[in-house]
Amino acid sequence: MKKLWWHDAVVYQIYPRSFADSNNDGEGDFAGITSRLEHVSKLGADAVWFSPFYKSPNQDGGYDVSDPREVDARFGNLSDFKKMKLRADQLGLKVVVDLVPNHFSDQHVWFQAALQANPGSKQRSRFHFYDGRGENGELPPNNWQSIFGGSSWTRVMEPDGKLGQWYLHLFDSTQPDLNWNNPEVNEDFEKTIKFWLDLGISGFRIDVAHGLAKDEIYQDHPDPAGLTAAMRLDITDFDPQYRKALLTNIPFFDNEGVHQIYRGWRKLLDSYPGDQFFVAEAWVYPSNRAARYVRSDELHQIFNFDFLTVAWDADSIKVAIDRTLDELGAVQAPPTWVLCNHDCPRVVTRLGGGSYGLAKARALALLTHALPGNVYIYQGEELGLEDAPVAAEHRQDPIYYRTNGTQLGRDGVRVPIPWEGDEPPFGFSEQNSWLPLPANWQDLSVAKQQTDPSSVLRMYQEMLKIRKSHPGLGGTHQVNWVAAPQGVVRFTREPDFELIANTTSAEVVVQTAKSLLLSSQPDVTIVAEKLVLPANSTVWLTN
Ligand code: GLC
């Protein structure tokens, strides 16, 4: 198989609102991104994936799109996008954009037209409008819950001023789900795909890719609250057997109908010259369902979220790696590895925070970047940021509001990144930032870390440089496990690469004739073929 760039790429995720602000309105924008894009090429990434920057009322951080073929004014305009693209071309960075096909914003012209139209109309058939149950239709069509909390149905006022039908929204009530049984919906998305391809982009990340096809609507779920809880990553004391049972049978996710859509999109993409790709955001259970999305006539990659939740423990890590390589190997799709994104806690925070969390995150980063396939880096991960504390009055995530604050939501991971200087907003903007940057982030800024050889940033830069140049790294060829003491992950990759990771909280001594290529901690030594690996550390070795 000829190697293509998306077989083993490093993709850097930019959350546009929080990257760099050029006009001091407190929100990131394309001019800001263009001025700071060199950071990404200097890091050594191959591509940049942009979370949505399309026209949007911004009820869900831009994932509520009201025009997928227009740039939202908060980020500039299409010409600013083109300038950014030009800069990316100069820097040798490919551009990947988000596609949000499960829902539109309620401000999209289609939904506004649907509200003005009558039940049964063509306008309503683009969404999931249903009559309610109960004597006067006062009960929602089913008991499904929104993933963001509360009901997944909202009742509308009909044009005659009376309460009428209900529409489905798996997320916020401002995000009506699209009805993919209506061919107009696909026609519109194909138009959007072409629009961005014609602007020279190299790939699409498909939001909620497992959600487009819905099961029978008039059917209650036996435990809707349990299902919502089972899907949450922050609930860890859930009965594993019950969780599994709930997650393997979700009426609105992972239905067969989605595959037909992706086969069509693949044909469209293949009709273009070049080597563009699709990556699916699809949380599917059991994990072997993932391979179905990346069969040879469907999508190219699927996010493998195992590392977003994997325990810092050698056995769990090995199982996650083997499972991924086996399942995706069966359909010859390249694996992907993700430590963090805009929806999950930052990796340092997840691993306990503070200096221990940081040591583990550094060690896990080295481990992840030695694996075959693609790696996704979420902005700020290369700085070792933790989730920032966000005061109640600054919170914006609909999850926070829909759960009455019982779930804090995702604002902490979306705080802008620190660039330089001694005071917030640390060069993100002149004075403003939509979420405040913590005052104690001054040593974490890009400028500070660039001057410190022991910083996380310098480790990431070195790591990506070696990953690109070492023949045993990158690629899609397998890892070869080597027997190791309890709590230690050890593998080789041909030619001439070896990794050893110590996940325990005690120092470990390992025999090796090799020499050090890179380590996650400064205090690693090899003396007389004895490698002393401190607690929570990883090394890369070579002959
Ligand atoms: C995806 C996005 C998330 C968004 C949700 C609804 O999971 O990553 O940020 O809230 O879809 O669009």
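The shown structure was predicted, so the numbers you read here are calculated from the model rather than taken from an experiment. Remember, it's 1-based here, ligands and their atoms both numbered in the order they're listed. Reckoned from all heavy atoms, side chains included, excluding hydrogens, waters and symmetry mates.
Looking only at distances, a side-chain donor or acceptor of R350 sits under 3.5 Å from a matching main-chain atom of V310.
Remark: Q260 CD is loosely packed, at most 12 non-hydrogen atoms of other residues, nucleotides or ligands lying under 6.0 Å away.
Distances below 4.0 Å separate heavy atoms of H103 from the following atoms of ligand 1: 6 (C), 12 (O). Taking every heavy atom of R410 and a limit of under 4.0 angstrom, the matching atoms of ligand 1 come to 3 (C), 4 (C), 9 (O), 10 (O).
Between E256 and R292 there is a salt bridge, with a side-chain nitrogen of the basic residue lying less than 4.0 Å from a carboxylate oxygen of the acidic one.
Of all protein heavy atoms, the one lying nearest to atom 8 (O) of ligand 1 is D343 OD2, 2.5 Å. The shortest contact between atom 7 (O) of ligand 1 and any protein heavy atom is with E281 OE2, 2.8 Å. Nearest to atom 4 (C) of ligand 1 among the protein's heavy atoms is D60 OD2, 3.4 Å. Among all protein heavy atoms, the one lying closest to atom 2 (C) of ligand 1 is D207 OD1, 3.0 Å.
In terms of heavy atoms, L178 sits closest to H128 at O-NE2, 3.2 Å.
Proximity of V11 to V48: side-chain heavy atoms (C-beta onward) are nowhere separated by under 4.5 Å.
Heavy atoms of R205 come nearer than 4.0 angstrom to ligand 1 in at least one pair. Within the 4.0 Å heavy-atom cutoff, R414 counts among the residues contacting ligand 1.
By the 30° and 60° cut-offs, the orientation of the rings of W196 relative to F81 is perpendicular.
Contacts with ligand 1 closer than 4.0 Å are made by side-chain heavy atoms of F148 only, the backbone lying farther away.
Ring centroids of Y285 and F253 are separated by 6.0 Å or more, keeping the two rings apart.
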